[in-house]
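Quick notes on the structure that follows.
Basis for what follows: all heavy atoms, side chains included, without hydrogens, waters or symmetry-related copies. Every chain is numbered from 1, with letters handed out A, B, ... down the list of sequences.
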Amino acid sequence: MIDLSRSPLEVAPLLLGAVLRHGEVALELTEVEAYLGPDDPASHAFRGPTARTQVMFGPPGHLYVYLSYGVHLAANLVCAPDGTAGAVLLRSGRVVDGAVVARRRREGARRPGSAPVPDVELARGPGNLGRALGLVIEDSGAVVGQSPHGPREPGFALADGRSGQVELACGPRVGVSLAHEVDWRFWIPAEPSVSRYARSPRAPRG
DNA sequence: GGGGCGATATGCT
DNA sequence: GCATATCGCCCCG
């Protein structure tokens with residue numbers, strides 16, 4: 001059981017190897033990023049709560065889902081105590097159950113006739129992870145339970161899996177122009193389901 | 001494996 | 001109103 005009331009900086013590494021289930025699809029998380037509150041210029045919570053980001057300021061153990069680039073739904077797991085903003089962006093995962101469903105969702109959103117999605121790419125990258133899980137924007141605020149949860153039960157559930165037992169690497173967060181000096185992105189090294197930016201992080205100053 | 005661009009809610013100005 | 005967004009696809013070497 002992962003204590004989500006801790007800081008995102010403590011929770012993020014523990015999420016690597018943990019398993020997030022939504023219905024039939026379960027993912028072992030392989031790449032995450034920590035985001036803090038008003039002290040973190042890269043965080044959506046930086047400028048205080050808004051209607052969209054309010055859930056980041058609430059109690060831990062909820063999802064914060066937002067629309068990115070008009071097409072992608074990205075999932076964050078809210079952590080830190082109630083009243084303190086913080087979340088962990090779920091960037092990539094390895095599908096451990098429900099690959100057929102995940103693939104159907106992925107390919108349904110692509111141009112017909114394009115090449116099939118390899119297993120390791122089903123949930124590689126935040127947008128793909130959201131699509132593989134079947135997220136909708138209304139999932140923002142949903143509770144993520146931590147008790148045993150089967151494929152036929154509704155809602156989201158987090159299980160320990162290999163949490164705390166995996167090798168991990170860290171580096172700058174992807175796609176943020178600020179706070180590039182902190183290594184708050186965590187991933188499982190040599191794991192093919194980790195997004196490609198891993199090998200060529202675009203830091204402003206190589 | 002790199003560059004171009006889409007497609008839209010959100011939140012400053 | 002408008003720039004921006006915690007990106008991903010496709011096409012081209």
Side-chain angles (χ1 to χ4, degrees), chain A residues 7-9 11-13 15-16 20 27 29-57 62-80 85-93 95 102-141 170-187 192-204 206:
Chain A
S7 159
L9 294 176
V11 172
L15 288 177
L16 295 178
L20 177 67
L27 307 174
L29 300 174
T30 57
E31 181 189 3
V32 300
E33 288 176 359
Y35 287 87
L36 306 186
D39 297 329
D40 179 4
S43 172
H44 286 179
F46 181 54
R47 293 171 196 281
T50 65
R52 179 181 62 153
T53 62
Q54 188 186 11
V55 61
M56 277 187 73
F57 293 78
H62 292 250
L63 281 185
Y64 164 49
V65 180
Y66 69 92
L67 180 71
S68 178
Y69 290 89
V71 274
H72 310 299
L73 290 173
N76 296 252
L77 184 55
V78 173
C79 41
V88 176
L89 171 65
L90 310 180
R91 287 192 56 88
S92 299
V95 174
R103 174 171 292 100
R104 191 162 63 230
R105 288 173 177 154
R106 284 295 312 281
E107 295 181 348
R110 300 173 79 210
R111 179 176 298 185
S114 48
V117 179
D119 276 17
V120 296
E121 295 183 17
L122 285 174
R124 187 174 78 177
N128 290 332
L129 182 147
R131 188 153 288 131
L133 278 184
L135 292 185
V136 292
I137 194 65
E138 290 80 10
D139 287 322
S140 198
C170 64
R173 294 172 291 184
V174 171
V176 307
S177 45
L178 300 166
H180 244 289
E181 68 282 4
V182 292
D183 290 339
W184 290 352
R185 172 169 177 257
F186 303 88
W187 68 92
S193 65
V194 171
S195 60
R196 291 193 167 279
Y197 312 107
R199 283 151 234 152
S200 55
R202 48 178 218 246

*Can any side-chain N or O of D139(A) pair as donor or acceptor with the backbone N or O of L135(A) at less than 3.5 Å?*
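Side chain of D139(A) to backbone of L135(A): no pair is present.
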*Is a donor on one side and an acceptor on the other found under 3.5 Å between the side chain of E31(A) and the backbone of S195(A)?*
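Indeed, once roles are kept as given, a pair shorter than 3.5 Å links the two residues.
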*Under the salt bridge (charged side-chain N to carboxylate O under 4.0 Å, His left out) test, residues paired with D183(A) that sit two or more places apart*: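 For D183(A), no residue satisfies salt bridge (charged side-chain N to carboxylate O under 4.0 Å, His left out) once neighbours in sequence are set aside.
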*asked:* Once salt bridge (charged side-chain N to carboxylate O under 4.0 Å, His left out) is applied, do any residues pair with D40(A), and if so which ones, sequence neighbours excluded?
replied: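 With neighbours one apart ignored, the set is R173(A).
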Please produce a list of atom pairs where a protein N or O lies less than 3.5 Å from an N or O of nucleotides 7-9 of chain B.
from, atom 1, to, atom 2, distance (Å)
dA7(B), N3, Y69(A), O, 3.0

*asked:* As a quick check of understanding, evaluate side chain to side chain contact (heavy atoms under 4.5 Å, CB included) for D119(A) and V95(A), giving each step before the final call.
replied: CA-CA 7 Å; D119(A) 276 17; V95(A) 174; over 6 Å; no
*Is the closest side-chain heavy-atom distance between R91(A) and R185(A) below 4.5 Å?*
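In short, these two side chains touch, coming nearer than 4.5 Å.
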*Indicate yes or no: at least one non-hydrogen side-chain atom of L73(A) is less than 4.5 angstrom from one of S68(A).*
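They are not in contact (no side-chain heavy atoms under 4.5 Å apart), so the answer is no.
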_Under the side-chain hydrogen bond (donor to acceptor under 3.5 Å, both in side chains) definition, can you give me all pairs with a residue in residues 46-55 of chain A, not counting sequence neighbours?_
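Every side-chain hydrogen bond (donor to acceptor under 3.5 Å, both in side chains) pair that includes a residue of residues 46-55 of chain A, provided the two are not neighbours, is T50(A)-T53(A).
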Tell me the interatomic distance from [X], atom [atom1], to [N], atom [atom2], rounded to whole angstroms.
X	N	atom1	atom2	answer
L90(A)	dC7(C)	CG	C1'	16 Å
H72(A)	dG6(B)	NE2	C1'	9 Å
H44(A)	dA5(C)	NE2	P	8 Å
Y66(A)	dT4(C)	OH	C1'	12 Å
I137(A)	dA5(C)	CD1	P	17 Å

N/O-N/O pairs, protein side and nucleotides 11-13 of chain B side, under 3.5 Å:
from, atom 1, to, atom 2, distance (Å)
dG11(B), OP1, T50(A), OG1, 2.4
dG11(B), OP1, R52(A), NE, 3.4

*Could you tell me whether the phosphate oxygens of dG8(C), OP1 or OP2, come under 4.0 Å of any side-chain nitrogen or oxygen in R106(A)?*
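So the side-chain polar atoms of R106(A) never come under 4.0 Å of the phosphate oxygens OP1 or OP2 of dG8(C).
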_Sugar-phosphate, base or nothing in reach of N76(A), heavy atoms under 4.0 Å_ =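 Answer is base: heavy atoms of N76(A) come under 4.0 Å of a base.
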*Sugar-phosphate only, base, or nothing, as touched by S114(A) at under 4.0 Å among non-hydrogen atoms*: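 Here S114(A) touches the backbone only, sparing every base.
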*Y66(A) and H44(A) aromatic centres sub-6.0 Å*: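 Yes - the distance between ring centres of Y66(A) and H44(A) falls below the 6.0 Å cut-off.
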_Just to be sure I understand: a Watson-Crick pair is purine N1 to pyrimidine N3 plus N6-O4 or O6-N4, both under 3.5 Å. Using that and G-U wobbles, which stems of three or more pairs involve DNA chain B?_
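Looking at DNA chain B, the stems formed by three or more consecutive pairs are B:1-6 with C:7-12, B:8-12 with C:1-5.
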*Could you give me the CA-CA distance, side-chain angles and deciding distance for N128(A) and E121(A), then say whether side chain to side chain contact (heavy atoms under 4.5 Å, CB included) is met?*
CA-CA 8 Å; N128(A) 290 332; E121(A) 295 183 17; over 6 Å; no
_For T30(A) and S92(A): C-alpha separation, side-chain torsions, deciding distance, then whether side chain to side chain donor-acceptor pair (under 3.5 Å) applies._
CA-CA 6 Å; T30(A) 57; S92(A) 299; 4.9 Å; no
